[in-house]
Amino acid sequence: MAVDVELVPINIGNINDGAMIDGFDIELRRALANIADPNTPATATRVIKLELILKPHSDRVTIETEFKCSSKLAAIETHKSKCFLGKAEDGALVAFANDPRQMPLWSAPKPKEVPVIAFDGSGAMK
């Protein structure tokens, strides 16, 4: 007795149990998050790569398949700044955010001292 079996040709949605669709979805979410990240260049190109590897057996009928998915995302933008090298009194090298040779143009005002208010045991001011 013959059994009817429905033969379904391979396509991008069912090969490797749907791994191509799942892999694309994962990498697309990563790329979109990378585009939304303010620390990356807004207009940098992002790439999603789907790779299907076919390895036929010598019988030319059986084919092993491998699927790989990868992406190339924008790197964090380069941030440039300066620091200034100096020496401590003991000769140790130190780095400063501001140039220690530069004299300040003005001095920050000293904070005003606020008098301490004293209270007696009843909560009244002395």
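Numbers for residues simply follow the sequence, beginning at 1.
- In this structure, D25 contributes its side chain and D22 its backbone to no donor-acceptor pair below 3.5 Å.
- Atom CG of residue L52 and atom CG of residue L50 lie 9.5 Å apart, to the nearest 0.5 angstrom.
- Every residue two or more places apart in sequence or in another chain was checked for a salt bridge (charged side-chain N to carboxylate O under 4.0 Å, His left out) with E77, and none qualifies.
- The NZ atom of K55 sits 3.5 Å away from atom CD of E66, with the distance rounded to the nearest 0.5 Å.
- Side-chain heavy atoms closer than 4.5 Å link hydrophobic residues (I, L, V, M, F, W, Y) into clusters, and following such links, even through other members, never connects I21 to I26.
- Within 6.0 Å of atom CD1 in I12, 12 or fewer heavy atoms from other residues, nucleotides or ligands are found, so the atom counts as exposed in its surroundings.
- We find the CG-CD1 distance between N39 and I76 to be 5.0 Å, quoted to the nearest 0.5 Å.
- Linking ILVMFWY residues whenever their side-chain heavy atoms come closer than 4.5 Å, directly or via other members, leaves V47 and L28 in distinct clusters.
- Proximity of K68 to I53: side-chain heavy atoms (C-beta onward) are separated by under 4.5 Å at one or more points.
- For the atom pair I35 CD1 and T45 OG1, the distance stands at 9.5 Å (nearest 0.5 Å).
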Problem set entry | Worked verdict on N34 versus R46 for side-chain contact (heavy atoms from CB on, under 4.5 Å) | CA-CA 9 Å; N34 185 262; R46 279 72 168 181; 2.7 Å; yes
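- Taking both residues in full, the closest heavy atoms of P41 and A75 are given as CD-O, 3.4 Å, listed atom of the first, atom of the second, then distance.
- For CG of N98, the number of neighbouring non-hydrogen atoms (other residues, nucleotides, ligands) closer than 6.0 Å is 12 at most.
- V94 is not connected to F84 by any chain of hydrophobic side-chain contacts under 4.5 Å among Ile, Leu, Val, Met, Phe, Trp and Tyr, and they are in different clusters.
- Minimum interatomic distance between C69 and I48 (heavy atoms only, all atoms of both residues): SG-CG2, 4.4 Å.
- No donor-acceptor contact under 3.5 angstrom links the side chains of T40 and D37, judged on distance only.
- Sparse packing is recorded around CG of D17, with 12 or fewer heavy atoms of other residues, nucleotides or ligands lying under 6.0 Å away.
- When the side-chain contact (heavy atoms from CB on, under 4.5 Å) test is applied to A19, the partners found at least two apart in sequence or on another chain are N16, F67.
- Once rounded to the nearest 0.5 Å, the distance linking CD of E51 with CE of M20 reads 9.5 Å.
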Exercise. Could you walk me through whether L93 and L85 pass the side-chain contact (heavy atoms from CB on, under 4.5 Å) check?
Worked result: CA-CA 7 Å; L93 296 175; L85 183 62; 4.2 Å; yes
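- Distance OG/S70 to CZ/R30: 9.5 Å, rounded to 0.5 Å.
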